[in-house]
2 protein chains.
Amino acid sequence: MLTIGSLGKKTGTKVQTIRYYEQIGLMPEPGRTEGGQRRYGDTQVDRLSFIRHSRQLGFPLEAIRELLDLSDNPDRSCHEADSIARRQLKQVELRMDRLKALRTELKRMIHECSGGNTADCKVLEVLRDHSECLTDHNAIGA
Amino acid sequence: MLTIGSLGKKTGTKVQTIRYYEQIGLMPEPGRTEGGQRRYGDTQVDRLSFIRHSRQLGFPLEAIRELLDLSDNPDRSCHEADSIARRQLKQVELRMDRLKALRTELKRMIHECSGGNTADCKVLEVLRDHSECLTDHNAIGA
DNA sequence: TCTAAATGTTCTAGCTGCTAGAGGTTCAAG
DNA sequence: CTTGAACCTCTAGCAGCTAGAACATTTAGA
């Protein structure tokens with residue numbers, strides 16, 4: 001049986017984060033010692049690894065909750081898991097597109113800056129006037 | 001003179017957001033009517049446009065604060081604005097790299113899923129076992 | 001001039017996904 | 001038996017807004 005600290009080390013998760021996952025019901029309440037400290041078994045290690053890996057792939061916690069649920073029911077159709085993953089892929093691609101536009105614009109504004117004083121700084125000028133932009137960028141909400 | 005609502009419409013900003021910017025000192029306290037309602041002039045329109053455009057380009061509010069400060073002092077060197085923009089470009093490129101790795105992995109896991117039941121779902125399998133991954137993805141903190 | 005609707009006001013709390021700190025308890029090694 | 005590391009709970013904070021309650025003001029039409 002592992003302490004919360006060892007579980008954390010094993011899965012690359014901060015102790016606080018594990019407790020947070022428990023609090024929001026993503027991790028089950030573990031057994032406790034007589035003194036009230038948490039102790040974890042292999043099942044929990046697997047579950048936390050699953051969560052962490054999903055987070056690394058950018059899945060939001062709510063999606064992970066669904067994925068865990070599917071994983072707990074081996075007889076259910078794979079279709080849902082697939083569609084959650086596809087949704088996530090769409091999100092990633094959307095964000096990539098946005099970032100690409102940002103990069104273009106940032107590069108351009110840096111490139112065109114001649115380095116005088118701020119009065120005729122191209123960077124500031126572009127920020128002041130959206131119409132100078134060539135791309136349809138919008139990072140808000142990305 | 002504009003009401004807060006009209007300013008919002010003009011700049012594509014929610015009313016609450018404008019008040020929030022005022023609260024954190026990004027927008028100055030505007031004049032008020034006798035009844036206590038905010039009224040804005042052209043200067044504020046420009047300032048809010050600057051802020052919004054910077055946000056669209058992904059600059060964090062603290063960076064925008066610096067940029068506004070530079071913009072208010074036309075005699076200062078352009079160098080700082082340039083370096084803020086370069087920093088932002090680095091951030092964008094870093095995030096793009098991460099997303100690229102995520103996309104690869106997500107695509108692969110979706111592609112390999114044959115669509116049976118969750119017991120042998122490739123998506124879930126990959127999430128369970130990080131070692132099946134080919135890329136060094138990590139969206140956490142991205 | 002009166003009234004009603006639209007818009008304004010402040011204040012508080014919520015969102016995601018953690019993270020940090022205070023102040024106290026338990027555990028394991030020596 | 002003591003010590004120090006690791007644990008406990010609880011609260012608050014981060015970015016950057018967003019939403020709602022409960023009330024006030026403004027403006028246009030009758």
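Chain A is the first sequence line, chain B the second, and so forth, proteins listed ahead of strands; every chain is numbered from 1.
Rounded to an integer number of Å, the gap from CZ of B:R19 to C1' of C:dT7 is 10 Å. Atom-to-atom, CG of A:L48 to P of C:dC18 comes out at 11 Å; the value is rounded to the nearest Å. Atom CD in B:E34 sits about 19 Å away from atom P in C:dG8, given to the nearest Å. Rounded to whole Å, the distance from CD on A:E22 to P on D:dC10 is 12 Å. Atom pair B:I4:CD1 and D:dC17:C1' shows a separation of 14 Å (rounding to whole Å applied). Taking atom CG of A:L7 as the reference point, atom C1' of D:dA6 lies 14 Å away to the nearest angstrom. Here C:dT7 presents its C1' atom at 13 Å from CD1 of B:I18, a figure rounded to the nearest Å. Between B:F59 atom CZ and D:dA15 atom P the separation is 18 Å, expressed in whole Å.
Listed candidates were D:dC17, C:dG17, D:dC7. Nearest to the side chain of A:R55 is C:dG17. For B:Q16, counting side-chain heavy atoms from C-beta on, the closest listed nucleotide (C:dT19, C:dG17, D:dT18) is D:dT18. Across D:dC7, D:dT27, D:dC8, the shortest atom-to-atom separation from the side chain of A:T3 is found for D:dC7. Counting only heavy atoms from C-beta on, A:R32 has its side chain closest to D:dT9 among D:dT9, D:dC17, C:dG8. The side chain of A:Y21 lies closest to C:dC18, out of D:dT26, C:dC18, C:dT10. Proximity note for B:I140 (side chain, C-beta onward) versus C:dG17, C:dC18, C:dC27: the nearest is C:dC18. Comparing C:dT19, D:dA19, D:dG16 against the side chain of B:K14 picks out D:dA19 as the nearest. Of the candidates D:dC7, C:dC18, C:dT10, the closest approach to any side-chain atom of A:T17 belongs to C:dC18.
A sub-4.0 Å separation between OP1 or OP2 of D:dC7 and a side-chain N or O of A:R38 is absent. For D:dC7, the OP1/OP2 oxygens have no side-chain nitrogen or oxygen of A:T33 closer than 4.0 Å.
Side-chain atoms of B:T3 and B:R39 form no donor-acceptor pair, as typed in the model, at a separation below 3.5 Å.
Both A:R39 and B:G35 lie near DNA chain D, and the one whose nearest nucleotide falls closer to the 5' end is A:R39. Residue A:Y20 is the one, among A:Y20 and A:Q37, whose nearest nucleotide of DNA chain C lies closer to the 5' end (criterion: closest heavy atom).
Looking only at distances, no side-chain donor or acceptor of B:E80 sits under 3.5 Å from a matching main-chain atom of B:L70.
A salt bridge is absent between B:R65 and B:D69: the closest approach of a Lys/Arg side-chain nitrogen to an acidic carboxylate oxygen does not fall below 4.0 angstrom. A salt bridge is absent between B:R19 and B:E22; no separation between the charged side-chain nitrogens and carboxylate oxygens falls under 4.0 Å. Classification of B:R108 and B:E105 as a salt-bridged pair holds, one side-chain N sitting under 4.0 Å from a carboxylate O. In summary, B:K90 and B:E93 do not engage in a salt bridge, as defined by a charged side-chain N under 4.0 Å from a carboxylate O.
Contact annotation for B:R52: backbone-only contact, meaning every heavy-atom pair under 4.0 Å involves sugar-phosphate atoms and none involves a base.
Contact annotation: side chain of B:E62 to base of D:dA15, donor-acceptor pair absent below 3.5 Å.
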